[in-house]
Amino acid sequence: MRDVFSLYSKKVMEHFKNPRNVGEMENPDGIGHVGNPICGDIMELYIKVKNEIIVDAKFKTYGCGAAIATSSMVTELVKGKTVDEALKISNRAVAEALGGLPPVKLHCSLLAEEALKSAIDDYFKKQGAKR
Amino acid sequence: MRDVFSLYSKKVMEHFKNPRNVGEMENPDGIGHVGNPICGDIMELYIKVKNEIIVDAKFKTYGCGAAIATSSMVTELVKGKTVDEALKISNRAVAEALGGLPPVKLHCSLLAEEALKSAIDDYFKKQGAKR
Amino acid sequence: MKRIYLDYAATTPTAPEVVEAMLPYFTDRFGNPSSIHSFGQEGKAAIEEAREKIANLIGAKQEEIIFTSGGTESNNSALKGVAYANQHKGNHIITTPLEHHAIIEPCNFLEKSGFKVTYLPVDKDGLLNPEEVKKAITTKTILISAMHANNEIGTIEPIAEIGRIARERDIYFHTDAVQTFGHLPINVDELNVNLLSISAHKLCGPKGMGALYVKKGTRMVSFMHGGEQERRRRASTENVPGIVGFGKAVEIAEEKMEEEAKELTILRDKLIKGIFEKIDHVCLNGHPTKRLPNNINVSIEFVEGESMLLNLDMEGIAASTGSACSSSSLEPSHVLLSLGLSPELAHGSLRFTLGRYTKEEEIDYVLEILPKIVDKLRSMSPLYKKAS
Amino acid sequence: MKRIYLDYAATTPTAPEVVEAMLPYFTDRFGNPSSIHSFGQEGKAAIEEAREKIANLIGAKQEEIIFTSGGTESNNSALKGVAYANQHKGNHIITTPLEHHAIIEPCNFLEKSGFKVTYLPVDKDGLLNPEEVKKAITTKTILISAMHANNEIGTIEPIAEIGRIARERDIYFHTDAVQTFGHLPINVDELNVNLLSISAHKLCGPKGMGALYVKKGTRMVSFMHGGEQERRRRASTENVPGIVGFGKAVEIAEEKMEEEAKELTILRDKLIKGIFEKIDHVCLNGHPTKRLPNNINVSIEFVEGESMLLNLDMEGIAASTGSACSSSSLEPSHVLLSLGLSPELAHGSLRFTLGRYTKEEEIDYVLEILPKIVDKLRSMSPLYKKAS
Ligand SMILES: Cc1ncc(COP(=O)(O)O)c(C=O)c1O
Ligand SMILES: Cc1ncc(COP(=O)(O)O)c(C=O)c1O
């Protein structure tokens, strides 16, 4: 891999090449579904929560390199965090953890943030329904 | 001389390098004076006429390469011609005798034609005055 | 790792013979062609020789060729030059939704200063219908511009017929032949064009070098104002090495064009066939036969173009996509959308464009690698899950 | 025969190091910088590196540099770009009669579409007076353009002061620095400019390559419309080898500039002194001290420039003239006339411009040859007869 002449940072390419936590999850506690094919980006994020702590996260993503890498990164970032902590993960934090994104690709990190929020939302809803 | 990469034809450069008949003439039978310094071209043409035949011609020219070469050529062309024949020498004939001129330089050959006409005019005037 | 370049429509390597031809004009015969001394005149002689080669290849006169800095400048000059000079006759321009940005954007600019632009309809293969041109013409139409072949989908347009219609009605006709010049035979009289744009870097010539054919008598104003170069039609010190390189590229193209087109067509069809055999849910974009010999454009469902490109790149293969993600506009290719493709399919498009140095093994390698990449990406695609 | 090139203001040889730097980008790293694959990205990296070098040399930010096809395009972009974008604020442009055609002609063009252009007065040495700028400014003035140093007579203008006046009044200020960039120190902040034009082939870089500095926040429209290159401010596939060569030329210039300027000043003054000693009826054109280190421009009475040039050329010496005969316009240099020179003296002008590879022996040779040529031509000049 010739990272030197890549659109993306080494870290992005590393996550793109070997994305962590790919796949569906059985019985997730929350599912986030954002994006649409018109924009070229769709992300599904699944979380498993125990005692308000996100113990597992998985994703499926249709999209560009940045979309896949941010998906991978966000699942890494949330694991072990409380739901409240996870809610505070911004798109900038995801981009920074990846060593930066090209300016035109910053919107992809927004997708990851939104997917996470949407999954947590879903978790809250499900929690609410259980109570 | 690198004729291959010259603005002018070989013939023009040859006449420019070694102009024929340069100089003033003592007691000319006709003097032509055309052009002006504003345009960058001035030509003086002197002719000696015997029995209506131009037996000698000389010139002095201030001007570009084409002006000098056409001056030289026109003096060559008129020698031995009758005054009437000389009057028929067109600027095109002068240019052709030189193997052509760059389009932007064609007006210089006009100068030579005019100088010749003006010298013959002067000759006619002087003849008239003598009679 | 060996690198395989299959993006010849984006740009080509400069042929070694072309570089060789250019070299003396950098350091030795470096004069400014406007200078009357020998340094200048040898530069002048060199550019006129190149001009002749280009004119000859398209059946034009030498003085009808204006050198420019590329296809974009040729297009800008043609459109703006004709529009401004013929404003008194009308303000209507006809073009197509298939055009390169270098046509679309000048049209947008002209629209801001009072011109009206009509975009012709195209069919699902990106083919224009000359009858539609007739319908679009009004009494105010001063210019029609339609590309010779499309850079994304490779469809070759009926330019001669459109040109005939324009000529009969005394309307200027321009074609962007950037993708065809040096690859397909072109004769400006047969095509009935007044103006034709070309670019050197698409035929193994140097980048930053183009030309515009302008039929004698065409009314237009200059685009690049300044000195008296190019018979006062395009100012700026001539890029002599670039022009010499362009000339050499044209000389080689003239010699190899026919054979290259045949060979590339075989490789092209092999690659298309292979993709269809090895990958499901694929469609071909562009016309199946009226197509550039070197162009393969497919849409692969459930996966996005850029991520395919990146994976191909990691395996040493350079290709291209019409997906939004490859541009800063965030919109997928306007060309693919104009064919009626869904945004989804447009995002899943992949273009391979072959060229002079493409080898059959390279095609085989792509056919080995691509299906694996598609599998991998589909396995992580939420769309594929739903479809399967 | 050895050839002596003393026409560096017209163009320069491309430095061998520059050619060396360009070479890999023709055949090997030839990708289109817009492509996301590695071929494209290595081209992209190369152009950004060159951009940085140029920005650094003039104290600009990287994103303030736009690559163009040369000085002419930079000037066209600056003038037309600012004019069209600020039309709502006013239609008045101020410039000088000393400008290169690449400024004068765009101004003429803009005048045809409703802009008004004022030409500042200049003194006999071609020097501008900042006070005159103040007088020329109206409430409708949107742009001032004044060149940094003149290409014919070498006079260096008080750009920083003019810039200060423009800045105080919130008027855009452009300078054509084609003749100074890489030769004199330039800092865009000190010069108070919003826009600055440069061209690679004047500093031993490649032809067909230029750049425009555009201060952040400057309101302008694009000149070259098309793709999204150069942050959407200048379309067309980047001339990667040209840009890399430009970068290398700038790198070398940065290193050598100071020393070169010193050395050339010595040679310049030697040549001027020698001409005055050996030829009578001569005058120096341009400012005696506020002058480019490499410029000699003299008028030699009673002889015409082109015929001197041709004679010099036959002896292997390449120079230049402001005589009409060197152009198709048949009018002598507008710059010389603007100094108040008679047409006669303008026709008798001769310009020697020295450069990196100029040697003292070459100057000696000119001083040996030129007087003989002047003698020869004066002996056939009808004007000299009358004067002597
Ligand atoms: C069809 C078409 N027109 C115009 C252009 C622009 O040419 P250039 O990049 O030389 O400006 C291109 C390629 O970039 C093209 O494919
Ligand atoms: C002062 C000045 N401006 C502009 C230009 C035009 O530059 P280019 O020939 O690179 O277009 C030149 C030289 O030709 C020049 O000397």
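Naming convention: chains lettered A, B, ... in sequence-line order (proteins, then strands); numbering from 1 in each chain. What's counted below: heavy atoms across the whole structure, side chains too, no hydrogens, waters or symmetry copies.
Heavy atoms of D:Phe223 lying under 4.5 Å from chain C belong to its backbone as well as its side chain. In this structure, chain D has no heavy atom under 4.5 Å from any part of C:Ile243. Interface residue C:Phe109: only side-chain heavy atoms are found under 4.5 Å from chain D. Of the atoms belonging to D:Thr27, heavy atoms from both backbone and side chain fall under 4.5 Å from chain C. Only the backbone of D:Thr12 comes within less than 4.5 Å of a heavy atom in chain C; its side chain stays farther off. Neither the backbone nor the side chain of D:Lys112 has a heavy atom closer than 4.5 Å to any heavy atom of chain C. Contacts of D:Arg231 with chain C are absent, with no heavy-atom separation under 4.5 Å from either backbone or side chain. For C:Ser113, no part lies near chain D; criterion is any non-hydrogen pair under 4.5 Å. Residue contact with chain D, scored on non-hydrogen atoms closer than 4.5 Å, involves the backbone and the side chain of C:Val240 alike. Contacts between C:Met209 and chain D at a heavy-atom distance below 4.5 Å are absent for every atom of the residue.
Here the closest non-hydrogen pair linking C:Phe26 and D:Pro206 is CE2-CB, 4.3 Å. Considering every non-hydrogen atom in both D:Asp313 and C:Ile36, the closest pair reads OD2-O, 4.4 Å. Annotation for D:His101 and C:Gly227: closest pair CB-N, 3.7 Å, computed over non-hydrogen atoms.
Between atom NE2 of residue D:His225 and atom CD1 of residue C:Ile103 there is a gap of 13.0 Å, rounded to the nearest 0.5 Å. In this structure, the separation between OG1 on D:Thr14 and CG on C:Leu23 is 10.5 Å, given to the nearest 0.5 Å.
A salt bridge links C:Glu42 with D:Arg3: at least one charged nitrogen is closer than 4.0 Å to a carboxylate oxygen.
Of the N and O atoms on the side chains of D:Asp7 and C:His37, at least one donor lies less than 3.5 Å from an acceptor on the other residue.
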